[in-house]
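Here is the naming used below: chain letters follow the sequence lines, and residue numbers restart at 1 for every chain. As the structure is a prediction and not an experimental result, all values here were calculated from the model.
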Number of protein chains: 2
Amino acid sequence: MHPMINGATLSATDICLVCGSLAKGLHFQVNSCRACAAFYRRSVKSKLVYRCQRGTGRCDLSIRIKGKPMCRYCRMKKCADIGMRIDADMGHESTSSPPESETVADEVPEEYVLKGGVVQVEGKRIIYDVKPLIHLIKEAVIKNNVQPIKGLSGVTLSPLQRMVHEVSKFIAQRTPKACDVQVVSEMRAESCIHFQEQYLLKLAHLVTSCEYFVRLEDDQKFPLFRHFWGSFQQIERAYQTLTAFGYETNDFRMIIGDKQAIDMDNTKFILGEADSDEIKKLFTPLRHRVFGCLMNPLRSLKPSIFEIAYMAINFLWTCFELNNIKLSTTVIAEEVLERSANELHNYYVYEMKLPNYAARHAVLMRLISVIESIIRSKKDVMILMRLFNILEDDFFDSELVD
Amino acid sequence: MHPMINGATLSATDICLVCGSLAKGLHFQVNSCRACAAFYRRSVKSKLVYRCQRGTGRCDLSIRIKGKPMCRYCRMKKCADIGMRIDADMGHESTSSPPESETVADEVPEEYVLKGGVVQVEGKRIIYDVKPLIHLIKEAVIKNNVQPIKGLSGVTLSPLQRMVHEVSKFIAQRTPKACDVQVVSEMRAESCIHFQEQYLLKLAHLVTSCEYFVRLEDDQKFPLFRHFWGSFQQIERAYQTLTAFGYETNDFRMIIGDKQAIDMDNTKFILGEADSDEIKKLFTPLRHRVFGCLMNPLRSLKPSIFEIAYMAINFLWTCFELNNIKLSTTVIAEEVLERSANELHNYYVYEMKLPNYAARHAVLMRLISVIESIIRSKKDVMILMRLFNILEDDFFDSELVD
DNA sequence: GTCGGTCAGAGTTCAGT
DNA sequence: ACTGAACTCTGACCGAC
Ligand SMILES: [Zn+2]
Ligand SMILES: [Zn+2]
Ligand SMILES: [Zn+2]
Ligand SMILES: [Zn+2]
């Protein structure tokens, strides 16, 4: 089981399988640097147990910040994973699983069936009738999909706890395995739209699993959802992309479905006569904002699922600037936001052991603001496109966008 | 030259090259005691800048009066001089010359004199040449108006401390006494524009009183200021209005100058032929957002000057989405924002005794986002006005807006 | 060549002022 | 809010085998 990198020149014996730095021979039967070996030895000897500060259990150990040591939990886990054994006769296999909340996979409909939803590429325009989808969403959004948590019947989750649970499920369900993801060279409009349909319907399922959302008056639900989905998708896609391709990469790849990724530099969009390059050009400034103001900050923030869920709560409930929102709704929204912020406080202080979380919280709130601004711009670009008759994408030019 | 302490000969490796006390090996590649090493580490990590109390920069660090700490400037300078380097690649520090304790008490000019700035109302349009103003601002913005704080020489204020100081001054200077304020029934374009000219120039003075802003490259200053002024004015006016009219009221009054207020429902704008009502109508949705999403939340928040200053810091330094901003600027911006958030933490925890401040902080950040969105809309409405030829206000249609 | 022991020198914490 | 003593943690080095 000797991994080979590039076969010849860079011998596998040269890099530390834990941290990626220069290794010097075998340590505890594994290629590793002396530092990692020493770390492993100390940890085992003193029976030290670590906890991942980020709570994800998948820190990237190859990123080293000057003064800071690498995440101990993840380093130890890596040591164990690659087969370091301090004592050959120790029979114990597969010692520790990360102290994460295991993602329970309750039943969520696997694929929604859409009656309409035929995509036609006609001339420069994509003709797609969104009405059936909108109808479906409007119906889906007023359902009640609240499910009790196993082993916790009788207990009502707080809005944020519930969101953490649902977002974990949502993300786990569609987390691509890094090796599975293929960077495609062509992307057809049909695939995009089909992906999007399913995405929106599953998002509707997500929000209707949240008690506070379900309790709203029915006519308030669709406007909230309309405001919610774009922002949520932006952060969720970004999170998945960084998870799949690692936090250290710095390119323009973006995961689209659960198995496909596009590379903004190389993927060609197949959209009938509409010029793929022309479209790309219109989106260039936006793309740079996405990478400069969203992906890069995310890369250094490395948000946990908890924080993603907190952002989701904010996207869903920051409805004060929307039209046709009733006072009763804003009162509930204020309550949800305040409770969630208080829980975030507890999360930071007690779980992340980060009593001075103001800076991190500020970055989070700033990201929320950036994402909402990106969504606005996305809409603007779409309008521009229609104006120039390059492309008509009814998705962004329908009741689905506020 | 062997230093003698208590008559015993000490090897050169035993004394701290900074303070002369007993050293304990190398620290940051220099013989020093742990205390000096810790001091150096803290200072570098927090990027603290000191000032010599005596102004000589030649304090004798070996003379210790118990209880009194040694001169921080000279201690830091010694650390640097003897070659302490926390990180090999940490190069330029430049602050090696003692900042002469100048007591530049150049007062804030009471009123700026503008050569141009003639307002003509010509038909429906307001003809106003902004160029002289822009020129003046561009000059003002690259000046250095940093003033030492009385009685606190030797310490450099943090960006937020400085901002608190400057914002307090700014607000106090133009706080209207509640009884003095008159709700005017007419508002002439000339008065508005004159008020605005003075306001912008004083704001330029404010930002150039902040060390971190002054340290920027000159070509970065105007773009930052351009992004800053609108948002700052929005929050400052709102704050003044609430202070003057009280937090209980719930009307549409808004303080304009330092003695005048307009009542959106009753004040008539005198703008030549341009229909006052027509203009008001265009602004109606915006006005409702200002009152619903800004004034009302502010009313319940009752922000302190410290929090207003924190918002100001955010407006000034959240420049990541701007064009033509250099990487070096964003690096500084990130540092300022992070430091300020950390200080806000301390303020909440130690001064306001509010350890669980997440909710309040979230409201603050959300207000920041609302204000930036209001400013964008303001610009949009102005563009709309020009489109319909109702009013041409070069203020919002010039280099002054990004 | 791999192991454990050792320790200088980093970072971190916290009581004292 | 700073200071500095006491603490933990890291990784380079060295001798043992
Ligand atoms: Zn390693
Ligand atoms: Zn980790
Ligand atoms: Zn010393
Ligand atoms: Zn001195």
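Dashed line: the shortest gap from a side-chain N or O of R64(B) to OP1 or OP2 of dG4(D) is under 4.0 Å.
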Check nucleotides 4-8 of chain C for protein N or O atoms closer than 3.5 Å to its own N or O atoms and list the pairs.
residue : atom : partner : partner atom : Å
dG4(C)  : OP2  : R41(A)  : NE           : 3.1
dG4(C)  : N7   : R41(A)  : NH2          : 3.4
dG5(C)  : OP1  : K45(A)  : NZ           : 3.1
dG5(C)  : OP2  : K45(A)  : NZ           : 2.4
dG5(C)  : N7   : R41(A)  : NH1          : 3.4

For nucleotides 15-17 of chain C, print each protein N/O atom paired with a nucleotide N/O atom at under 3.5 Å, atom names and distance only.
none

Review point. When you look at Y348(A) and Y357(A), which way does the ring pair (Phe, Tyr, Trp, His ring centres under 6.0 Å) test go after all the steps?
Key: CA-CA 7 Å; Y348(A) 278 141; Y357(A) 55 81; 5.2 Å; yes
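In this structure, R72(B) places its CZ atom 7 Å from C1' of dC2(D), rounding to the nearest Å. The NE2-C1' distance, from H27(A) to dG11(D), rounds to 12 Å in whole Å. Summarising the geometry, the separation between NZ on K24(A) and P on dC14(D) is reported as 11 Å, rounded to the nearest angstrom. Distance CG (L22(B)) to P (dA5(D)): 11 Å, rounded to an integer number of Å. Put simply, CZ on R34(A) is 7 Å from P on dC13(D), counting in whole angstrom units. Look at CG on L48(A): it is 13 Å from C1' on dT10(D), rounded to the nearest Å. Following rounding to the nearest Å, R85(B) (CZ) and dA10(C) (P) show an atom-to-atom distance of 14 Å. Taking atom CZ on R339(B) and atom C1' on dA1(D), their separation rounds to 14 Å, with Å as the unit.
R75(B) meets the side-chain hydrogen bond (donor to acceptor under 3.5 Å, both in side chains) test with no other residue; sequence neighbours excluded. N346(B) pairs by the side-chain contact (heavy atoms from CB on, under 4.5 Å) definition with Y350(B), not counting sequence neighbours. Residues forming a ring pair (Phe, Tyr, Trp, His ring centres under 6.0 Å) with Y347(B) (at least two apart in sequence, or on another chain): F306(B).
No more than 12 heavy-atom neighbours from other residues, nucleotides or ligands sit within 6.0 angstrom of CD on E338(A).
Residues E211(B) and R215(B) are not paired through a salt bridge, judged by the lack of any N-O separation under 4.0 Å between the basic side chain and the carboxylate.
Between Y50(B) and Y40(B), the gap from one ring centroid to the other reaches at least 6.0 Å.
Taking the side chain of P69(A) as heavy atoms from C-beta on, and the options dG4(D), dG11(D), dT10(D), the nearest nucleotide is dT10(D). Picking from dA5(D), dT10(D), dA10(C) the nucleotide with the shortest atom distance to the side chain of F39(A) gives dT10(D).
Judged purely by atom type and a 3.5 angstrom limit, K221(B) uses its side chain to pair as donor or acceptor with the backbone of V214(B).
Judged as a salt bridge (charged side-chain N to carboxylate O under 4.0 Å, His left out), the pairs with a partner in residues 350-361 of chain B (not counting sequence neighbours) are, in order, E307(B)-R360(B).
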